[in-house]
Amino acid sequence: MPDLPEFIFDIDCDVTPPSGMEALLARVARHCLAAEGVTRPCCAYLLITDDETIHRVNREQRGVDRATDVLSFPSAPFRPGRTAGNAPALLQREWDADFKACRLGDIVISMDHVRTQAAEYGHSETRELAYLTAHALFHLMGYDHMQEKDKEVMRKMEEKALNAAGVSRVTDDELVEKAKEAMLFSYSPYSKFKVGACLLAADGRTFTGCNIENASYGATMCAERTALFKAVSEGAQSFTAIAVAAEKSMPWPCGLCRQALNEFAPELRVIVACGDERDEAPLSVLLPHGFGPSNGTGEYLGKD
Ligand code: THU
């Protein structure tokens with residue numbers, strides 16, 4: 001992401017966050033800055049904690065005696081109508097020499113609330129955490145939702161940033177459901193291991209695929225690559241998540257599929273499902289030190 005502004009999260013974590021969270025939240029934050037038109041590097045403190053601690057902070061700092069999902073404490077005193085994008089001097093005053101970035105403020109998020117809200121909305125904890133982080137960052141940049149019209153503006157900004165960061169509104173439940181439907185088309189008379197996949201493109205389109213076996217076994221194609229190749233052949237090259245479903249066991253993608261997906265989306269969220277069981281990991285965790293386009297094979301070939 002060379003043309004996105006820099007963002008540094010100074011994170012404290014009291015509880016276990018979803019895997020791969022730091023990279024995702026940094027990406028979301030950079031897209032929040034870009035959506036707001038901020039070009040300077042920025043930073044913020046983020047405490048990921050539980051209901052008990054957020055309740056205490058809410059009581060002590062705001063006099064509100066209850067737990068909540070997210071709290072934000074802006075550094076810069078933006079007046080109504082002023083936000084980070086249209087008040088660069090205010091932002092500049094918050095320059096933090098240690099972080100070499102403008103300090104936007106502090107955020108506290110309760111993972112207890114993240115968990116219950118994710119279940120309520122039928123999406124992942126990662127998505128809920130990303131949403132709450134974007135919401136808090138826009139508060140830190142001067143946005144509010146007291147009036148209906150302000151709320152609308154703030155929601156639009158959140159959506160713009162989250163979509164650009166690839167945290168789409170298509171829920172994980174919908175992706176898994178589509179993967180399960182695609183599984184019904186599996187052609188797997190040899191292994192009898194049916195697999196279905198649903199790949200979510202950054203533009204919100206979804207592409208499904210199933211495994212397609214062959215009497216010459218090596219000609220078999222996995223569900224994930226079927227979905228990927230369908231997508232690329234229809235013009236999509238940027239992806240945010242894939243759901244893979246199977247009947248017999250959790251279908252973590254094979255090595256070949258990890259490599260193929262890494263070409264287009266090294267930060268892809270990979271969700272696997274079998275019956276009611278569900279798990280998730282970023283592709284960068286499934287394929288550490290992956291070899292991809294940034295390894296510069298083109299330049300190497302060019303020199304020879
Ligand atoms: N398979 C997939 O479709 N995806 C995977 O990630 C693992 C394996 C298929 C290929 C073959 O048709 C069957 O599962 C058994 O290996």
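When reading the values below, keep in mind they use all heavy atoms of this one structure, side chains included, and skip hydrogens, waters and symmetry mates. Indexing begins at 1, ligand by ligand and atom by atom, following the structure's order.
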Please work out whether any backbone atom (N, CA, C, O) or any side-chain heavy atom from C-beta onward of Ser188 is under 4.0 Å from ligand 1, and answer side chain, backbone, both or neither. neither

Taking atom CD of Gln147 as the centre, report whether more than 12 heavy atoms of other residues, nucleotides or ligands fall under 6.0 Å from it. no

Thr208/Lys178 under side-chain hydrogen bond (donor to acceptor under 3.5 Å, both in side chains): CA gap, chis, key distance, verdict: CA-CA 7 Å; Thr208 57; Lys178 286 184 182 206; over 6 Å; no

Output yes when a side-chain donor or acceptor of Arg82 lies under 3.5 Å from a complementary backbone atom of Asn86, and no otherwise. yes

One finds that the ligand 1 atoms under 4.0 Å from a non-hydrogen atom of Trp252 are 6 (O)

Taking the basic N atoms (NZ, or NE/NH1/NH2) and the acidic carboxylate oxygens, is any pair closer than 4.0 Å for Arg269 and Asp172? yes

Are the side chain of Glu213 and the backbone of Thr220 linked by a donor-acceptor contact shorter than 3.5 Å? no

Option among Glu36, Arg155, His135 that satisfies the side chain to side chain contact (heavy atoms under 4.5 Å, CB included) test with Tyr143: Glu36

Salt-bridged, Asp173 to Arg278, with N to O below 4.0 Å? yes

Nearest to atom 8 (C) of ligand 1, what protein heavy atom do you find, and at what distance? Cys222 SG, 4.0 Å

Show me which atoms of ligand 1 lie under 4.0 Å from any heavy atom of Pro253. 6 (O)

Do any nitrogen or oxygen atoms of Ala223 lie less than 3.5 angstrom from nitrogen or oxygen atoms of ligand 1? yes

With respect to Asn211, determine whether any N or O atom, backbone or side chain, lies less than 3.5 Å from an N or O atom of ligand 1. yes

Quick check on the 6.0 Å ring-centre criterion: do Phe185 and Tyr187 meet it? no

Show which atoms of ligand 1 fall inside a sub-4.0 Å distance from at least one heavy-atom site of Cys254. 6 (O)

What protein heavy atom is closest to atom 11 (C) of ligand 1, reported as residue, atom name and distance in Å? Glu213 OE2, 3.2 Å

protein heavy-atom neighbour closest to atom 4 (N) of ligand 1 works out as Glu224 OE1, 2.8 Å

Which of the atoms in ligand 1, numbered in the order shown and given with their element, are less than 4.0 Å from a heavy-atom of Ser191? 13 (C), 15 (C)

Distance flag for atom 16 (O) of ligand 1, protein heavy atom under 4.0 Å: no

Below 4.0 Å from ligand 1: does a non-hydrogen atom of Cys257 turn up there or not? no

